[in-house]
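Just so it is clear, the structure is predicted and the values come from calculations on it, not from any experiment. Every chain is numbered from 1 and lettered A, B, ... according to where its sequence line falls, protein lines coming before strand lines.
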Amino acid sequence: MAKDRIVIIDGNSLVNRAFYALPPFVTKDGQYTNGIYGFVTMLLKVMEDYQPQYIGVAFDLKAPTFRHKEYGDYKAGRKKMPSELSQQIQPLKEVLDALNIFRIEAEGYEADDLIGTLAKHCEREGMEVLIVTGDKDALQLVSQQVKVLITRKGISSLDIYDDVKLMEDYEVTPLQFIDLKALMGDKSDNIPGVPGVGEKTAIKLLKQFGTTENLIQHTDEISAAKLKEKVEGNIENIILSKRLATIITDIPVEIKLDDLKKEEPNYDELLTLFRRFEFNSLISRFTKNEGAETDEGEGNTGLETVSSDQFYEIGSIEELKTFIKKVRESEYLAIKTVSEEKNITTDEIVAIAMAADANEVYYLDFRMMDDKSAVLQLLKEVLEDDETKIIGHDIKKELVHFAPHQIEIRNVSFDTFIGEYLIDPAKSSYNVKELGVVYLNKNIVDEEELLGKGKSRKTLKELEKEDLRKLLSQQVNVTFNLVPRIKEKLHELELEDLYYKVELPLTEVLASMEVAGIKVDQHMLKDLEIQFRDMVSQLTEDIYRLAGVEFNINSPKQLGEVLFDKLELPPIKKTKTGYSTNAEVLEKLREKHEIIPKILEYRTIAKLKSTYVDGLLGIINPVTERIHSSFNQTVTTTGRISSTEPNLQNIPVRLELGRQLRKVFVAKEGHKFIDADYSQIELRVLAHISGDENLLDAFEKGQDIHTRTASEIFGVEVHEVTSSMRSSAKAVNFGIVYGISDFGLGENLKISRAQAKKYIDRYLEKYSSVKAYMENIVQEGKHKGYVVTLLNRRRYLPELLSKNFNIRSFGERMAMNTPIQGSAADIIKIAMINVHRMLKEEGLKAKLILQVHDELIVETPLDEMEKVSQIIEMGMENAMKLKVQLKADLSQGDNWYEAK
DNA sequence: CGTAACTGCAA
DNA sequence: TATTGCAGTTACG
């Protein structure tokens, strides 16, 4: 049986942390609640993360303790708790009572002593003890079974200290931590220590003498004369300080563990309190519990903490050469780099970790190397060598980092990041640490934790030298060892073709697109900025005038109040937090008030300005005058690529005003864009997968697919199809691809559900094999637990087994849509590889620079236009052989607007 | 401060 | 109660 676990929380310390970490929240009655809120969220997180069987919260009481009696100045000069905080203590205790969490309090003892005593008691009972506090003093209680969790910046993350981590961070044992404080003193407790001795000196002394007692007896052995004098002059202080700093672990109190057993909260009381404090998010967390899964935390027991692998530092060219010899003897080289992240085309490398076998890691602090170009030259030989198989986790980064130094990693043989994505594309992250835990039972340093989050988040290069070395080395070590495990899994799931023939080669294409970037006309963008700014301010003025009040138009809440309360327009729809003010609603109100068209126009312009004009202006690379978006290969569940910073896959096109923006994306001097998009790729894929004769026939005859569908649905000849019939049919075709529902189609076409159902039934009657496909794929998904694309890309669909109708229906639509959307993604990925390879092989200068799901954009020198057009057309249309021909439409222009 | 909600842009 | 994404803004707790 697993060990029982107890969580002991330092109440005063934690509520303090919460109070200062959060901005003040005040309820309508003027009650401050940020400390309570922060405390409760931290508490809940710890309970969820660690699933303790026992839990208690310790508090200081007002009564003086033995420390005050012994040392009158104890904690003197400490500022009084502000009333905004002190008024939260009693309410917090009420919350704890409602949670049925025991409060540990005793007059004359500080929370620390209560915690210490309880911790040691539980340790003797063989329990695992977790102490949660914001105060480092508790570190003296650490042992093999006692861990201390200390809050970091903010309230969302905790540092876990066990004896190993304590030694790593402070180089002292838990007991020496007391001596450390005795020597350093502590301002906040007014513990004197030795004046002039700080952390550095104290650690040095403890390394030499072990304890303060030993130090006092052997002061003559202190080498520095000044220091010796200081220590000798403060012996009394040291002794007193140590006594004050020592947490008492044997308070004479009776401990009834039963009191500390975790119990169900008293929900009535709890919700009453939460309502009083206006903790609406917590209320919903505690009420919507029906049907929620009960997630038993499995805990981290049995995990090997990595610290024993062999890490070596490469500090000279000679050492690098020696390492390279090892590489030559090995089949694989795992690599991970960190760069300055200044500029994609002139970037400098900060550090490199490399592994040529499973146990050793070599780390090179690039900043410290004297002859950088010699280092790069040597690396180039290895990285461009066809014999050495390169391994990475997100190797696209390395491809990009080495590009400015004319190093092309030729032989990328494995990327664990992409491997795990194919194994399960639905995961929200694929970090090395987690993979290490799952596949290797190895636990390495947490990157997120090291970097922190939010505003104070660091970049990798800003880490302490030691932290960065450790992080990179461990990640590379784990990456190296992951390869056989992930390979095995890819084999098992028959993903090898997709992996080696598509995804891995694609990485290089994406890296090349990122490095190439796309040129933007800055002047045009700046002009647009001014133009839009004027329009927005004019519209704002009009809106204020028509509303008779100034308010924040961007706030749906305030806008709703103005429209529906003040102007008393009819609210059409509401959201879960208030009135809906979206474009669909406003359109219906357009004629009801002059203000509505102004607001719609404001929304349009404000969106274009903030997201596209300002957004793009802020991200232009000053050196290249281009935009270098990131193309991510592991984000979507269907296999599509995604684009960020900026997202270049959602630049406006449907409305003319927005479409104008495409004019700012220009081909460079002497070049043009060739824009090629697949014609109806998803419906062609559907025709192929379903084998539907009717649909295949439509494509074979080269008919307009929506017109053909309209003629089928409405039972008229093709030449009799009106434009409104065609656009309805188009919506039906969309619906089919998305996994149709009568409700959804009705909503989209603004027709009744019954009418929508008629369209769908009629469609499925005419395209009977499509109907069969839809039914079969859902059955298959239920049976196997997943569906696949043409290239066997897999997506698991647990939703199909849900008892909840909505969730199950969602699963069914995903089952229908994923093979279609995903196979189209498979196809264009092959096309990208084809185009990229052919351009390279033919020695052409044209470069693939963008992909927008069914569209490729190639920046092409004028004298290559014809040849490149042919390559693109071939590359796309021959990407895969289907029952129906793939078709690509090409056009060209000086900018993206013209080329579309 | 960290996150959720709303809105709107693309294929 | 139509698929897949990203981002700007506001508001909550």
Pair [X] + [Y]: basic N to acidic O under 4.0 Å:
| X | Y | answer |
| --- | --- | --- |
| A/Glu529 | A/Lys609 | yes |
| A/Lys45 | A/Glu48 | no |
| A/Arg813 | A/Glu799 | no |

Has A/Phe743 got its ring stacked on C/dT1, by the test of a centre gap below 5.5 Å and a plane angle below 30°? no
With a 4.0 Å cut-off on heavy atoms, is [X] in touch with a base, just the backbone sugar-phosphate, or nothing at all?
| X | answer |
| --- | --- |
| A/Ser809 | nothing |
| A/Glu682 | nothing |
| A/Gln821 | base |
| A/Ala731 | base |
| A/Thr581 | sugar-phosphate |
| A/Gly739 | nothing |
| A/Val852 | sugar-phosphate |
| A/Met816 | nothing |
| A/Ala583 | sugar-phosphate |
| A/Asp854 | sugar-phosphate |

With sequence neighbours excluded, what pairs up with A/Thr577 under the side chain to side chain contact (heavy atoms under 4.5 Å, CB included) test? A/Thr575
Do [X] and [Y] make a side-chain contact, defined as non-hydrogen atoms from C-beta onward lying under 4.5 Å apart?
| X | Y | result |
| --- | --- | --- |
| A/Lys900 | A/Ser891 | no |
| A/Tyr763 | A/Asn733 | yes |
| A/Lys887 | A/Phe699 | no |

Side chain of A/Ser580 only, heavy atoms from C-beta on: which candidate in B/dA5, B/dT7, C/dG5 is closest? B/dT7
So which nucleotide from B/dT7, C/dC6, B/dA11 ends up closest to the side chain of A/Thr575? B/dT7
Using OP1 and OP2 only, check whether a side-chain N or O of A/Ser643 sits under 4.0 Å from C/dG5. no
Counting only side-chain nitrogens and oxygens, does A/Arg640 get under 4.0 Å of the OP1 or OP2 atom of C/dT4? no
May I have all residue pairs that pass salt bridge (Lys or Arg N to Asp or Glu O under 4.0 Å) and include part of residues 726-746 of chain A, sequence neighbours excluded? A/Asp704-A/Arg726, A/Asp742-A/Arg753
Distance check needed: [N] [atom2] versus [X] [atom1], whole Å only.
| X | N | atom1 | atom2 | result |
| --- | --- | --- | --- | --- |
| A/Lys757 | C/dT1 | NZ | C1' | 15 Å |
| A/Gln851 | C/dG5 | CD | P | 14 Å |
| A/Leu600 | B/dT7 | CG | P | 12 Å |
| A/Arg603 | B/dC9 | CZ | C1' | 14 Å |
| A/Lys573 | C/dT1 | NZ | C1' | 12 Å |
| A/Glu855 | C/dG5 | CD | P | 19 Å |
| A/Phe665 | B/dA10 | CZ | C1' | 12 Å |
| A/Arg793 | C/dT3 | CZ | P | 20 Å |

For A/Thr611, side-chain hydrogen bond (donor to acceptor under 3.5 Å, both in side chains) partners two or more places apart: none
Qualifying residues under salt bridge (Lys or Arg N to Asp or Glu O under 4.0 Å), relative to A/Arg640, sequence neighbours excluded: A/Glu682
Heavy atoms within less than 4.0 Å of DNA chain C: which residues of residues 650-664 of chain A have one? Give them sorted by number. A/Asn650
What pair of heavy atoms forms the shortest contact from A/Gly875 to A/Val835, and how long is it? CA-CG2, 4.3 Å
With sugar-phosphate taken as primed atoms, P, OP1 and OP2 and all else as base, the protein-contact string of nucleotides 8-13 of chain C at under 4.0 Å (heavy atoms; B, S, -) is SSSSSB
